[in-house]
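Heads up, the thing below is written out as structure tokens.
We count ligands from 1, going down the list as the structure has it; atoms in each ligand are counted the same way. Quick caveat: nothing in here was measured; it's all calculated off a predicted structure.
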Amino acid sequence: MARRSAPPGSGPAYYSGAPMRRGALRDPNESGFSAFMREEIWAPEKLPGNLSILTGVAVFFGGIAAMRTNGSRPSKPFSKGNSANAPSPSRKRLVKDLTPRSRTKSAGKLVVAPPPPPPPPPPVRDQAPHTGAEDKLKSHAEHKVRVRQAIERKRSRNAKPTETNRGGWHAKERSLGGYKQKSVASPAIDIPDFDQPWRTTKDQLHKRSYRDDTFGIKKDGDSTRGSDVAGDTNASRKPHVYNPLSDEFDVSAKSESTRNLPTEFTSPPLMEGLLTSVLDVLGPHARPTPIQALSLKHVVNQPPSSVSGGVASTRPSDEDSGQWKQYLLASETGSGKSIAYLLPMLQDLKLSELRPNTACTEEVGSNSRPKKKLPLNPRALVLAPTHELARQLSSFSKALLHGIKLRVFCASQANLPSTPKRSATASKMAKEFEALVSTDADDDAASSALGPLSKKAARPVDVVVGTSSKILSLIKGRGWDYEQPNIEDTWDKDEHGRTIKPRTFTVGEPQMGLERVEWVVVDEADVLFDPDFQDQTKLILSAISEARGQPIEESSNVKPEPSSPSPINYPFNLLLSTATIPSALAWYLDTYHPALTRLASPNLHHLPSTLKTEYSSWTGGNRNADIERRLRRVWMEDALKGNDKKSKVLIFCNKNTKVEDLGRYLKEKGVANVALTSSGDMRKRGSNHHLDGFLRERERERPAVVSDGEEASLDPAPTSGLDSEKATGVSSGDVSEDPHVMITTSLLSRGLDFSPEIKHVFIVDEPRNMVDFLHRAGRSGRAGEQGKVIVFGKTKGRGSSKAKDMRKRVGALVA
Ligand SMILES: Nc1ncnc2c1ncn2[C@@H]1O[C@H](COP(=O)(O)OP(=O)(O)OP(=O)(O)O)[C@@H](O)[C@H]1O
């Protein structure tokens with residue numbers, strides 16, 4: 001049967017059409033309002049819902065009305081004994097009552113400001129009969145007063161600092177001859193004058209309240225030393241704030257804050273010649289960094305008024321009192337600690353030289369009977385953990401000595417242990433040294449060791465800089481620590497299987513006397529007093545004490561510890577310098593040097609404020625490829641910024657094998673690089689040429705002007721480190737350009753002053769601890785230069801929690 005077609009305009013079969021509209025059945029005479037009421041309000045299906053809405057609205061408005069009349073205060077007064085009839089306060093009110101009215105943030109904790117004065121009493125009314133209307137009026141007036149007070153409180157919290165609350169939380173940026181720092185002052189904590197240039201920012205203070213009191217001096221058991229800071233102590237007010245890094249750093253709370261630090265290198269006056277050299281090196285507008293200011297104030301012996309590069313008439317007061325100085329200088333990386341310890345030392349050496357009856361030539365101690373004169377007889381020693389650092393420090397010291405003509409000798413010749421096994425270069429150097437020192441007698445011998453000086457210009461060495469092991473071999477003779485294998489099983493065998501008795505090794509002659517040593521600087525003290533290196537360092541210090549006639553006797557009965565210290569008083573000035581105070585160092589100092597004064601900058605244990613932190617995620621594939629990509633991104637950013645020069649990048653790995661692997665990979669990809677491991681051949685050269693292009697280069701040292709105006713060359717080949725000779729033998733990808741990448745381990749993370757061209761530090765392996773991180777990162781962003789540290793890590797999936805934890809820790813270091 002044929003299907004009937006649907007009528008035109010009809011919908012599909014499932015389409016039911018629009019429902020009939022209500023209005024369709026409406027009485028045409030009914031008004032719109034009554035239709036609305038009938039259909040929307042009174043309609044039986046809507047009535048219950050409408051009634052609940054109405055009830056809700058009524059309760060809401062009723063509640064408001066009730067609160068307005070009775071909410072602010074119990075309608076009936078109640079006493080302690082009558083608390084039963086007290087209205088139960090709302091939770092909001094309860095909280096409000098328990099919370100201090102006004103709070104001020106200070107130094108990372110909430111400092112509770114005194115509560116505001118009580119609200120003014122309500123206007124006095126006539127003693128008229130009490131009516132309900134009057135109660136309402138009264139509560140309304142009180143309510144208005146409270147609202148006004150709340151507004152005022154809010155305003156005062158947001159208010160800009162006034163003159164009396166100068167600084168408040170307002171950070172002020174100042175430019176300081178190369179050092180740009182933010183400054184802030186808060187009346188709530190005791191930090192130095194507002195005029196001091198190295199103030200911390202609000203954020204810094206907030207994040208590290210525990211450090212506010214590390215600015216300044218700490219001298220256990222001696223409150224008089226800090227007499228010029230008397231009254232400044234804020235130890236009692238120090239908030240206890242949890243520091244997530246406290247297991248790694250000493251955040252001891254025993255320091256005092258200090259005021260009135262010098263803001264110029266001239267105050268207190270340095271000797272004229274020394275001041276000129278400092279300004280030559282740093283620039284004419286340079287100002288002391290915080291740690292330098294502390295050193296100028298507390299460690300530098302001011303020259304007597306008769307001296308301004310001329311002749312001193314008296315010894316410095318410290319010497320008169322028979323007190324040897326013991327100071328720890330602690331401040332963040334790149335903040336100028338070298339100058340902070342060199343200035344007091346060099347100035348004092350010069351002053352003692354100018355003194356009548358020159359003490360610098362006297363030998364001290366009861367056993368100072370005339371001995372065989374040794375080639376080196378310095379008055380100061382500077383100990384450094386690596387040869388590279390020793391060379392750089394020696395060059396830097398020389399640059400500071402043009403004006404005062406003291407002589408520095410770098411004891412580091414090659415990066416080899418002091419065993420008889422030496423490379424050809426090293427033994428050649430040793431022979432040269434021995435030949436030089438054996439040709440002349442007495443002090444001239446030492447000066448001849450310093451290079452081709454004419455006899456007229458020859459002077460004894462004043463300062464020796466070197467690694468502990470090198471200095472020990474100068475003191476005790478080359479190979480003093482060489483252990484002759486006595487067990488026959490370890491001896492070599494010839495082709496017939498017979499054991500060959502090893503050649504007896506003769507320990508070399510000592511080359512350095514210690515009787516005249518008056519100053520010892522231990523740079524990177526946290527390394528050199530680390531349990532691994534402590535023995536060597538202490539051996540040198542005891543040897544000096546013995547040579548000066550005051551041998552150190554260690555008590556063997558009780559094992560000393562901070563609670564029962566065993567103070568060691570060395571008969572010379574001892575300066576320790578460090579960017580981090582790990583717990584081990586703090587323990588050592590508390591135990592053996594409880595009287596040592598700690599000078600610390602406000603930014604200690606934080607990254608330099610000019611150093612930005614960035615995180616880079618591994619993609620999950622080839623990590624070397626990720627590093628290469630990031631390197632290229634750095635250079636692309638340089639190009640986009642219009643920089644002609646590609647910035648240099650320092651990459652830190654944990655292991656030598658990783659260094660070599662990454663070096664090879666980058667080389668294959670055409671990225672020229674220097675891969676430097678602790679055992680690399682490049683380090684055996686006895687110079688810093690392997691770091692050329694990466695270390696900060698200063699103007700080549702000017703020849704020293706000797707007393708009669710004659711010029712003489714000071715530089716022996718091994719000590720220079722600033723020579724422009726290009727490094728050879730470095731692994732290089734693209735031979736057409738100098739390497740822009742250096743890959744290394746923590747070996748080079750200590751103390752070295754890298755070039756400002758190093759704008760990026762890559763940390764590709766998780767450092768062992770935060771101390772290590774601070775030192776690695778601190779190779780960039782030095783002396784107020786901009787820098788960036790890029791931390792690589794896994795941000796997703798398994799193993800990412802480690803990276804997250806690392807981020808948290810790094811976050812706590814951000815200044
Ligand atoms: N007052 C200053 N003004 C400008 N530059 C300075 C000042 N003092 C030092 N510098 C420069 O800052 C750089 C870093 O100095 P230095 O190597 O002494 O830092 P440091 O605190 O010892 O660092 P690290 O902890 O890494 O050893 C040097 O190039 C130095 O010349």
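At least one N or O atom of Gly336, backbone or side chain, sits closer than 3.5 Å to an N or O atom of ligand 1. Residue Leu752 has no N or O atom closer than 3.5 Å to an N or O atom of ligand 1. Checked by distance only, ligand 1 and Arg696 come closer than 3.5 Å through their nitrogen or oxygen atoms.
Taking the ring centre of Tyr592 as origin, the terminal cationic atom of Lys538 falls inside the region bounded by 6.0 Å and 45° from the ring axis. Taking the ring axis of Phe773 as reference, the NZ or CZ atom of Arg809 does not stay both within 45° of it and closer than 6.0 Å to the ring centre.
Residues Leu294 and Leu329 are not in side-chain contact: their nearest non-hydrogen atoms beyond the backbone lie 4.5 Å or more apart.
Atoms of ligand 1 lying under 4.0 Å from any heavy atom of Arg779, numbered from 1 in the order shown and given with element: 26 (O). Of all atoms in ligand 1, listed by their number and element, those nearer than 4.0 Å to a heavy atom of Glu524 are 27 (O). Counting atoms of ligand 1 from 1 in the listed order, those under 4.0 Å from a heavy atom of Glu332 are 21 (O). The distance from ligand 1 to the heavy atoms of Ser335 drops below 4.0 Å at these ligand atoms: 19 (O), 20 (P), 21 (O). Every atom of ligand 1 is numbered from 1 in the order shown, and the set under 4.0 Å from a heavy atom of Ser338 is 16 (P), 17 (O), 18 (O), 22 (O). Near Arg287, the atoms of ligand 1 lying under 4.0 angstrom from a non-hydrogen atom of the residue are 1 (N), 2 (C), 3 (N). Atoms of ligand 1 lying under 4.0 Å from any heavy atom of Ala579, numbered from 1 in the order shown and given with element: 25 (O).
Of the listed residues (Thr578, Leu774, Asp753), the one carrying the non-hydrogen atom nearest atom 14 (C) of ligand 1 is Asp753. Across the listed options Pro608, Gly334, Ser755, Gly334 owns the non-hydrogen atom lying nearest to atom 23 (O) of ligand 1. Comparing His285, Gln292, Gln392 by heavy-atom distance to atom 8 (N) of ligand 1, the nearest is Gln292.
Ring centroid separation for the pair His593 and Tyr570 comes in under the 6.0 Å cut-off.
Of the charged side-chain nitrogens involved, none lies within less than 4.0 Å of a carboxylate oxygen, so that Asp638 and Lys648 do not count as a salt-bridged pair. Between Asp462 and Arg407 there is no salt bridge, since no side-chain nitrogen of the basic residue lies less than 4.0 Å from a carboxylate oxygen of the acidic one.
If you look at Arg782 next to ligand 1, the close heavy atoms, those under 4.0 Å, all belong to the side chain. With a 4.0 Å heavy-atom cut-off, ligand 1 is reached by no atom of Arg750.
At distances below 3.5 Å, not a single donor-acceptor pair connects side-chain atoms of Ser601 with backbone N or O atoms of Pro290.
Here the CZ atom belonging to Phe529 is positioned 13.0 Å from the CD atom belonging to Glu524, to the nearest 0.5 angstrom.
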side-chain hydrogen bond (donor to acceptor under 3.5 Å, both in side chains) assessment of Arg776 paired with Ser746 = CA-CA 7 Å; Arg776 290 179 181 192; Ser746 284; 3.0 Å; yes
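Using a 4.0 Å heavy-atom cutoff, Gly778 is absent from the residues neighbouring ligand 1.
When each of Asn301, Asn573, Asp348 is tested with Lys325 by the rule side-chain hydrogen bond (donor to acceptor under 3.5 Å, both in side chains), just one qualifies, namely Asn301.
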